[in-house]
Amino acid sequence: MPTLTLPDGSTKSLPEGATLLDAAASIGPRLAKDAIAGKLDGKLLDLSHKIEKDAKLEILTTKSPEATEILRHSASHLMAQAITRLFGKAKLWVGPPLNEGRYGFYYDMDLEHRITEDDLRKIEQEMEKIAKEDLKPVRVEMKTEEAIQKMVEADQPYKVELIRGFGVPSVSFYRQGEFLDLCEGPHVPRTGVFGGLKLMAVTGAYLHGDQKQKMLQRVYGCAFFTKKELDAHLKGIEDAEKNDHRRIGTDLDLFFTDPVAPGSPFFLPKGAFLYNALISFMREHYQRLGYQEVITPQVFSSELWKRSGHYDHYRDNMYFCRVGEEEFGMKPMNCPSHALMFRARLRSYRELPLRLADFGRLHRLEASGVLAGLTRVRSLSQDDSHIFCMPDQIEAEIQALLALAFEVYRVFGMELRLELSTRPPKSLGSDEIWAKAEGALRKVLDASGRPYQVKAGEGAFYGPKIDFHAKDALGREWQLATVQLDFNMAERFDLEYVGPDGHRARPVVIHRAILGSLERFLGVLIEHTGGKFPLWLAPEQVRVMTITDKEIPAGEKAAQALRDAGLRVGTDFRGDKINAKIRDASLQRIPCLAILGGREAETGAVSVRDRDRGDLGVLPLQDLAKDLRARIDTRT
RNA sequence: GCUGAUGUAGCUCAGCUGGUAGAGCACGUCCUUGGUAAGGACGAGGUCAUGGGUUCAAGUCCCAUCAUCAGCUCCA
């Protein structure tokens, strides 16, 4: 008779052969009703699983996030079943649940019928029908050989491949009604638990994620236990889409794009202001941290790109032109220029670390299908820098870089996810230097106290790296900051410095960007703030507006006084009602509105309405200026 | 680059089974001078993405191209 320990510490004994559902029922009928799956000693299992020995038990109800994941996994099966019913045999690949973002699951399949948007509605209806049938998914264990045989007969070649790939003696299937699918489980106890189902998109996805292989059809959907949760989710997506930087970029007159320059945003005055403000912000840090800014050419002879290795490895992403007999390439990166600068004369170890910063414009011929607003562009500039240092200096430099990144992102209030990518199978440089470099990165990361993920073997062939990712409005991740060690560049450009011992030695190069591409950073920042830029960054910080035409002279004076105090001031002296002016300014996310009526005009004061703090009442102009200046200076 | 979708005024969109374009907002002029999220009237504004084709007739149907969007691949 197995004894179960419940999460509250109490124990319960159940007869031999009892299932998780029986266990739930013995605790309470309500729990049995809401139960979706269970955990025995931390292992997720079906409710129909028979309990064989003593264990810790946890019953997952519809409220549990893990239950939602199980539901979504079951939803992908439900969808595959519906598609099979509607369109005949689909050769199935995989259909995992998704935790984050707008989609909850997908299924990849090879299906002769091309699924259309209209089909999605039909499939949904069929799924709901199957949900109503309230089928009970049944787990079926099978010996691998038998399973392969079965899948061969069922003409499911991808499943055969999956089973072979597992390399285990037996596998499990789930059968619901006429539909059988390879799956580890667990699944929901019955298809009736689906309350909210929605199919959202049909796209292509390469088999094995390999461009050379067949493109399968992928259908994305989302599933919840209740219609209410689904509706809330859909509403959430709708709201997030309001923060799409492309939408805000148009509404706030920040930038636009034109087919004459795909992937190359035009920054309008306000967008350009933001762009330059980000550069100024970084320059302040540079001044403090010993960086030296340089200016480098735009177009280089292909001779340089051959030397740097870009010609072999990156040519497809470069713009080339011909001048006379010679071929030139536009720079996609700054590193070769900086290498030439390092080499311009003999360097001493006393100069190291040499930190060259460059906001130069880069051009990368990104594939047409990857372009996206500001987040993936063909024309960009980065807060780029290359640090030339001795191996012993790596650790201190990395530490300073992490500190800088954390400091910068703290100001913007943005969350970062860190990744350490280590030595790939094919790499350059000695074991010793890789060990030293990876050790330094790890040490600094550990010391930072921040969580990070290790991506084993994902480093560049020339060195390990730390990447920093942030999310956009729809939960998609973008790489912003990056810190990459490079043992290759010094070699290729034959870089040397004279060491303390009088002998020449190779420096190590660190490629790093904190904001990363300014375009991408701005795009993510726009989505993060919804266009409500912090006061210090807002292109227009204060808007002075008048109630009637009579206050215009006082308004002009007030605006000038605020400008004299160093603020960026706009005015709205139109003959519209104050309501309309406030509405317009609010839609433009102006941080501070200074309103003048007859009363204020006489006393040299303004009525202040703050974007984030609401109505601040009537303030003398000087007090307002002081308050704003203080907030700007502290970037709060 | 690949799969799918979309492309009508500056923006958001309507335009039924083919009969040569419409709204709201924005913009301009005028009226209104109104105290914290839209006052009113009038006006201007379109090579219906581009190029072919079918048709007596194409925004509408077909093909190609370009761009954009959602994914996939890529991001030395």
Side-chain angles (χ1 to χ4, degrees), chain A residues 101-103 106 108 114-120 200-220 241 244 246-247 250-251 253 256-263 305 308-318 332-333 335-336 364-373 375-378 380 460-463 465 467 474 476 478-479 482 484 486 488-489 511 516-517 520 545-552 573-588 593-600 607-611 614-618:
Chain A
R102 72 172 112 176
Y103 304 126
Y106 66 81
D108 284 352
R114 288 264 162 226
I115 297 172
T116 66
E117 302 274 328
D118 289 342
D119 291 337
L120 293 185
M200 301 158 89
V202 50
T203 71
Y206 297 110
L207 180 61
H208 297 140
D210 182 348
Q211 211 174 161
K212 292 189 220 49
Q213 304 224 35
K214 179 157 194 166
M215 183 162 263
L216 306 175
Q217 297 193 69
R218 171 176 294 183
V219 182
Y220 281 100
E241 278 170 356
D244 187 317
R246 294 165 291 206
R247 147 109 276 108
T250 304
D251 289 347
D253 280 324
F256 66 88
T257 53
D258 188 284
V260 297
W305 304 116
S308 69
H310 287 86
Y311 207 80
D312 287 338
H313 297 286
Y314 202 69
R315 183 172 24 174
D316 290 346
N317 285 292
M318 287 178 63
M333 295 172 203
C335 17
R364 299 179 177 177
L365 187 54
E366 301 281 8
S368 59
V370 306
L371 300 177
T375 42
R376 190 83 181 260
V377 294
R378 286 180 175 163
L380 65 138
F461 72 88
Y462 51 74
K465 59 178 181 172
D467 288 328
L474 284 168
R476 294 173 295 200
W478 297 95
Q479 188 211 96
T482 186
Q484 309 185 358
D486 187 338
N488 176 235
M489 190 165 127
H511 305 250
S517 148
R520 176 178 291 179
M545 46 185 69
T546 49
I547 302 229
T548 77
D549 289 353
K550 291 194 265 313
E551 294 88 37
I552 292 179
F573 298 154
R574 292 176 303 171
D576 283 310
K577 292 224 269 199
I578 194 68
N579 286 0
K581 297 184 190 184
I582 286 171
R583 180 169 192 273
D584 288 350
S586 301
L587 290 175
Q588 289 292 307
L593 311 185
I595 299 164
L596 279 106
R599 297 197 291 276
E600 291 83 3
S607 171
V608 179
R609 181 177 163 131
D610 188 275
R611 181 187 67 195
D615 190 351
L616 298 186
V618 176

For nucleotides [N] and [M], find the distance between their [atom1] atoms and express it as a whole number of Å.
N: B:rC13; M: B:rG19; atom1: C1'; answer: 24 Å
N: B:rA14; M: B:rA23; atom1: P; answer: 16 Å
N: B:rG35; M: B:rU29; atom1: C1'; answer: 27 Å
N: B:rG45; M: B:rA26; atom1: C1'; answer: 11 Å
N: B:rU6; M: B:rC25; atom1: C1'; answer: 23 Å
N: B:rG28; M: B:rA64; atom1: C1'; answer: 41 Å
N: B:rG4; M: B:rC62; atom1: P; answer: 15 Å
N: B:rG34; M: B:rG39; atom1: C1'; answer: 8 Å

Looking at [options], which one has an atom nearest to any side-chain atom of [X]?
X: A:Pro262; options: B:rG39, B:rA76, B:rU68; answer: B:rU68
X: A:Val370; options: B:rC74, B:rA70, B:rG4; answer: B:rC74
X: A:Tyr206; options: B:rA76, B:rG71, B:rU73; answer: B:rU73
X: A:Met215; options: B:rC11, B:rU3, B:rU73; answer: B:rU3
X: A:Tyr220; options: B:rG35, B:rG71, B:rU33; answer: B:rG71
X: A:Lys577; options: B:rC72, B:rG34, B:rA76; answer: B:rG34
X: A:Asp549; options: B:rG34, B:rC11, B:rA5; answer: B:rG34

Least distance between heavy atoms, [X] atom then [Y] atom:
X: A:Thr546; Y: A:Lys581; result: O-NZ, 2.7 Å
X: A:Glu600; Y: A:Leu596; result: OE1-C, 4.0 Å
X: A:Val377; Y: A:Glu366; result: O-CG, 3.4 Å
X: A:Ser517; Y: A:Leu380; result: CB-CD1, 3.7 Å
X: A:Leu207; Y: A:Gln213; result: O-CB, 3.6 Å
X: A:Leu120; Y: A:Ala201; result: CD1-N, 3.9 Å

Taking atom [atom2] of [N] as reference, at what distance in whole Å does atom [atom1] of [X] sit?
X: A:Asp258; N: B:rA49; atom1: CG; atom2: P; answer: 16 Å
X: A:Glu241; N: B:rC11; atom1: CD; atom2: C1'; answer: 17 Å
X: A:Asp576; N: B:rA38; atom1: CG; atom2: P; answer: 12 Å
X: A:Met545; N: B:rA37; atom1: CE; atom2: C1'; answer: 11 Å
X: A:Arg246; N: B:rC11; atom1: CZ; atom2: P; answer: 15 Å
X: A:Asp251; N: B:rG10; atom1: CG; atom2: C1'; answer: 12 Å
X: A:Lys214; N: B:rU73; atom1: NZ; atom2: P; answer: 18 Å
X: A:Glu117; N: B:rG71; atom1: CD; atom2: P; answer: 13 Å

Looking at [N], I'd like to know if its phosphate oxygens (OP1 or OP2) sit under 4.0 Å from a side-chain N or O belonging to [X].
X: A:Arg574; N: B:rG39; answer: no
X: A:Arg247; N: B:rU12; answer: yes
X: A:Arg476; N: B:rG71; answer: yes
X: A:Arg114; N: B:rG4; answer: yes
X: A:Arg102; N: B:rG71; answer: yes

Describe the nucleic acid contact of [X] in one word from base, sugar-phosphate, nothing, applying a heavy-atom distance below 4.0 Å.
X: A:Arg609; answer: base
X: A:Asp316; answer: nothing
X: A:Asn579; answer: sugar-phosphate
X: A:Phe461; answer: base
X: A:Ala580; answer: sugar-phosphate
X: A:Arg364; answer: nothing
X: A:Gly101; answer: nothing
X: A:Met333; answer: base
X: A:Gly516; answer: nothing
X: A:Glu600; answer: base
X: A:Tyr462; answer: base
X: A:Lys581; answer: nothing
X: A:Gly309; answer: nothing
X: A:Leu371; answer: sugar-phosphate

Note every stem involving RNA chain B: at least three consecutive Watson-Crick or G-U wobble pairs, i with j then i+1 with j-1, with both distances under 3.5 Å.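 Stems for RNA chain B, defined as runs of 3 or more consecutive pairs: B:1-7 with B:66-72, B:10-13 with B:22-25, B:27-31 with B:39-43, B:49-53 with B:61-65.
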Name the residue from A:Arg378, A:Met333, A:Met318 that meets the side chain to side chain contact (heavy atoms under 4.5 Å, CB included) definition with A:Arg364.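 Of the listed residues A:Arg378, A:Met333, A:Met318, the side chain to side chain contact (heavy atoms under 4.5 Å, CB included) partner of A:Arg364 is A:Met333.
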Of A:Gly369 and A:Leu593, whose nearest nucleotide on RNA chain B comes first from the 5' end?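 That would be A:Gly369.
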Between A:Ser308 and A:Ala372, which has a closest nucleotide on RNA chain B that is more 5'?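 Its nearest nucleotide being more 5', the pick is A:Ala372.
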Sidechain-backbone polar pair: [X] side chain, [Y] backbone, donor-acceptor under 3.5 Å:
X: A:Arg476; Y: A:Gly101; value: no
X: A:Gln217; Y: A:Ile115; value: yes
X: A:Gln588; Y: A:Asp251; value: yes

Do A:His313 and A:Phe461 make the cut of ring centroids closer than 6.0 angstrom?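 Distance test on ring centres: under 6.0 Å, yes.
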Let me see the working for A:Met545 and A:Arg609 under side chain to side chain contact (heavy atoms under 4.5 Å, CB included), right down to the final yes or no. CA-CA 11 Å; A:Met545 46 185 69; A:Arg609 181 177 163 131; over 6 Å; no
Would the base of B:rG71 count as contacting A:Gln217 through its side chain, where contact means a donor and an acceptor less than 3.5 Å apart?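 Such a pair does not exist between side chain and base.
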